[in-house]
*Asks:* 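Got a structure for you, questions after.
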Amino acid sequence: MILGVRIFDHFLARQHVHFNNTQRGLILFDKSSKEVPIQALAKAFKLDGHDWGRLRNMAEVPAFIDSEATRLIQLADLIAYALFRYN
């Protein structure tokens, strides 16, 4: 999870530098029992930083949504799994 957040933040930074396309990212997760620790960790990374710097391009801490409530989260799960299997 942490590597993915860092890569996403770096992608948004490159968009700003190379294409003058300033965007802020939002990370959505399926409901999980680890919601509180992940949100605390993301907030700490944004405020205090981590080994590779600070998260500068995230709009908010990660949001947790029940995948049974929306099909878009189910679609995102399928795409993420396909990308994971591809690599």
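Keep in mind that this is a model prediction, so the values were computed, not measured.
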*Asks:* Test of understanding: with side chain to side chain donor-acceptor pair (under 3.5 Å), list the residues that count as partners of R71, not counting sequence neighbours.
*Replies:*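 None.
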*Asks:* Can you find a pair of side-chain heavy atoms, one from M58 and one from I27, that are under 4.5 Å apart?
*Replies:*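 Contact flag for M58/I27 side chains = yes.
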*Asks:* Rounded to the nearest 0.5 Å, what's the gap from CZ on R24 to NE2 on H16? Could you check?
*Replies:*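 Answer for the CZ-NE2 pair, R24 versus H16, is 8.0 Å.
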*Asks:* Heavy atoms, side chains only, cut-off 4.5 Å: are L72 and Q74 in contact?
*Replies:*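 Sidechains of Q74 and L72: no contact.
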*Asks:* Looking only at non-hydrogen atoms, find the nearest pair between Q23 and L12 and report the distance.
*Replies:*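 Taking every non-hydrogen atom into account, CB-CD2, 4.1 Å.
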*Asks:* Nearest 0.5 angstrom please: S32 OG to D66 CG, how far?
*Replies:*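 The CG atom of D66 is 11.5 Å from OG of S32, to the nearest 0.5 Å.
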*Asks:* Would you say the side chain of I65 lies within less than 4.5 Å of the side chain of D30, judging by non-hydrogen atoms?
*Replies:*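 The answer is no; the side chains never approach within 4.5 Å.
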*Asks:* Do F64 and I38 come within less than 4.5 Å of each other through their side chains, counting heavy atoms only?
*Replies:*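 Result yes, sub-4.5 Å side-chain heavy-atom pair found.
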*Asks:* Just so I know, are the side chains of L28 and L26 near enough to count as touching, which here means a heavy-atom distance under 4.5 Å?
*Replies:*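 When only atoms from C-beta onward are counted, L26 and L28 do touch, with a gap below 4.5 Å.
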*Asks:* Rounded to the nearest 0.5 Å, what separation is found between the CG atom of N20 and the CD atom of Q15?
*Replies:*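 Here the rounded value is 11.0 Å.
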*Asks:* Would you call the rings of F8 and F11 parallel, tilted or perpendicular, where under 30° means parallel and over 60° means perpendicular?
*Replies:*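 If you compare the ring of F8 with that of F11, the planes turn out parallel.
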*Asks:* Between the side chain of N57 and the main-chain N/O of D9, is any donor-acceptor distance below 3.5 Å?
*Replies:*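 It does hold such a pair.
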*Asks:* When you group the ILVMFWY residues by side-chain heavy-atom contacts below 4.5 Å and let the links chain together, are F29 and L78 in the same group?
*Replies:*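 L78 does not cluster with F29.
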